[in-house]
Structures are given as C-alpha cells and as structure tokens.
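Here's the structure, in structure tokens; my notes come after.
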Amino acid sequence: QVQLVASGGGLVQAGGSLRLSCAASGRTFSNYAMGWFRQAPGKERKFVAAISWSGGSTNYADSVKGRFTISRDNAKNTVYLQMNGLKPEDTAVYYCAADSSKEIVGRWDSWGQGTQVTVSS
C-alpha cells in the first residue's frame, strides 16, 4: 500500500488554471504508475489522466485532452495535474491513485483523500 495526499484544489473562474499535487509515501514511488480521477456530485468517479513510472507514457480522458497535463517528479514522490482552460463541467472532487504496476494497467490499489475543484462560470 501507498499513502497518497492530494492538494491544490480550489475555486477558479472558467478559463483559469489550477495545479493539483499528490504526494506519495510508503512504497518506492518510481515502482508504480499514477493516475487522477474525478467525481462530480451525484455521478460516478471517472478517469482523468494517468502516467507511467518514468513519465514516458500518458493517457487522458477525451474530455481533458489538450487542456490538462499529468506529470511526475520521482525525486519528490509527487504527481501533478496541470489544469488549464477550466470549464464549469470540470467541477468535481479530484482523486489521485496508484496503479499496481510500473506501466499503466488500470489496477488502482491505493487512493488519496480527494481535493475539491470548483469552476465558476
């Protein structure tokens, strides 16, 4: 298991930017891929982005392609989600998660506590 602490959420106007961070501990950070998910009120949790252990492979949901960028700093045990061009429909609680493999396989076995992102129109 790995412990994950997400931060960086807040209130922003449409068109603005935020950068989320997720700090990891408890397992060698470079041994697993990382991902971001989000859950809007009354809706299911959905995939947003993922990054392999080296950063060499990334995946994005179609709804955020071209606006969001996932990155990681293995020296700081941290994964980031840079969000630009925010829209009201991006409003959600954002969660980071750790995959069970160095490459992105989608077996998310550890979750952070979530950070609220609210985009006003």
Does [X] use its side chain to pair, donor to acceptor, with the backbone of [Y] at less than 3.5 Å?
{"X": "R45", "Y": "V93", "result": "no"}
{"X": "E103", "Y": "A33", "result": "no"}
{"X": "T91", "Y": "V119", "result": "yes"}
{"X": "N74", "Y": "S54", "result": "no"}
{"X": "S110", "Y": "V2", "result": "yes"}

Of all heavy-atom pairs between [X] and [Y], which one has the smallest distance, and what is that distance?
{"X": "W36", "Y": "S21", "answer": "CH2-O, 3.6 Å"}
{"X": "C96", "Y": "A6", "answer": "SG-CB, 4.1 Å"}
{"X": "R72", "Y": "G55", "answer": "CD-N, 4.2 Å"}
{"X": "L81", "Y": "A49", "answer": "CD1-CB, 4.2 Å"}
{"X": "V5", "Y": "Q113", "answer": "CA-OE1, 3.5 Å"}
{"X": "A98", "Y": "R27", "answer": "CB-NH2, 4.4 Å"}

Shared hydrophobic cluster for [X] and [Y] (ILVMFWY, side-chain gaps under 4.5 Å):
{"X": "I104", "Y": "Y94", "result": "no"}
{"X": "L4", "Y": "I51", "result": "yes"}
{"X": "L86", "Y": "Y60", "result": "yes"}
{"X": "Y95", "Y": "F47", "result": "yes"}
{"X": "W111", "Y": "V79", "result": "no"}

**Request:** Mind checking side chain to side chain donor-acceptor pair (under 3.5 Å) for S57 and listing every partner two or more places apart, or none if nothing turns up?
**Result:** none

Output the distance between atom [atom1] ([X]) and atom [atom2] ([Y]), rounded to the nearest 0.5 Å.
{"X": "N59", "Y": "I70", "atom1": "CG", "atom2": "CD1", "answer": "9.0 Å"}
{"X": "L20", "Y": "Q82", "atom1": "CG", "atom2": "CD", "answer": "9.0 Å"}
{"X": "N77", "Y": "C22", "atom1": "CG", "atom2": "SG", "answer": "10.5 Å"}
{"X": "T58", "Y": "F68", "atom1": "OG1", "atom2": "CZ", "answer": "14.5 Å"}
{"X": "M34", "Y": "T78", "atom1": "CE", "atom2": "OG1", "answer": "9.0 Å"}
{"X": "E89", "Y": "S121", "atom1": "CD", "atom2": "OG", "answer": "10.0 Å"}

**Request:** Mind telling me whether W108 and F37 have parallel, tilted or perpendicular rings, with 30° and 60° as the class edges?
**Result:** perpendicular

**Message:** Pair R38, S63 - check side chain to side chain contact (heavy atoms under 4.5 Å, CB included), show working.
**Reply:** CA-CA 12 Å; R38 66 187 182 186; S63 59; 3.5 Å; yes

**Item:** Candidate pair D109 and Y32, rule side chain to side chain contact (heavy atoms under 4.5 Å, CB included), full reasoning
**Value:** CA-CA 10 Å; D109 60 6; Y32 46 92; over 6 Å; no

**Request:** Check the surroundings of atom NZ in K102: do more than 12 heavy atoms from other residues, nucleotides or ligands lie under 6.0 Å from it?
**Result:** yes

**Item:** Presence of salt bridge, D90 and K87, under 4.0 angstrom
**Value:** no

**Prompt:** Mind checking whether R107 and D99 have side chains closer than 4.5 Å, heavy atoms only?
**Reply:** yes

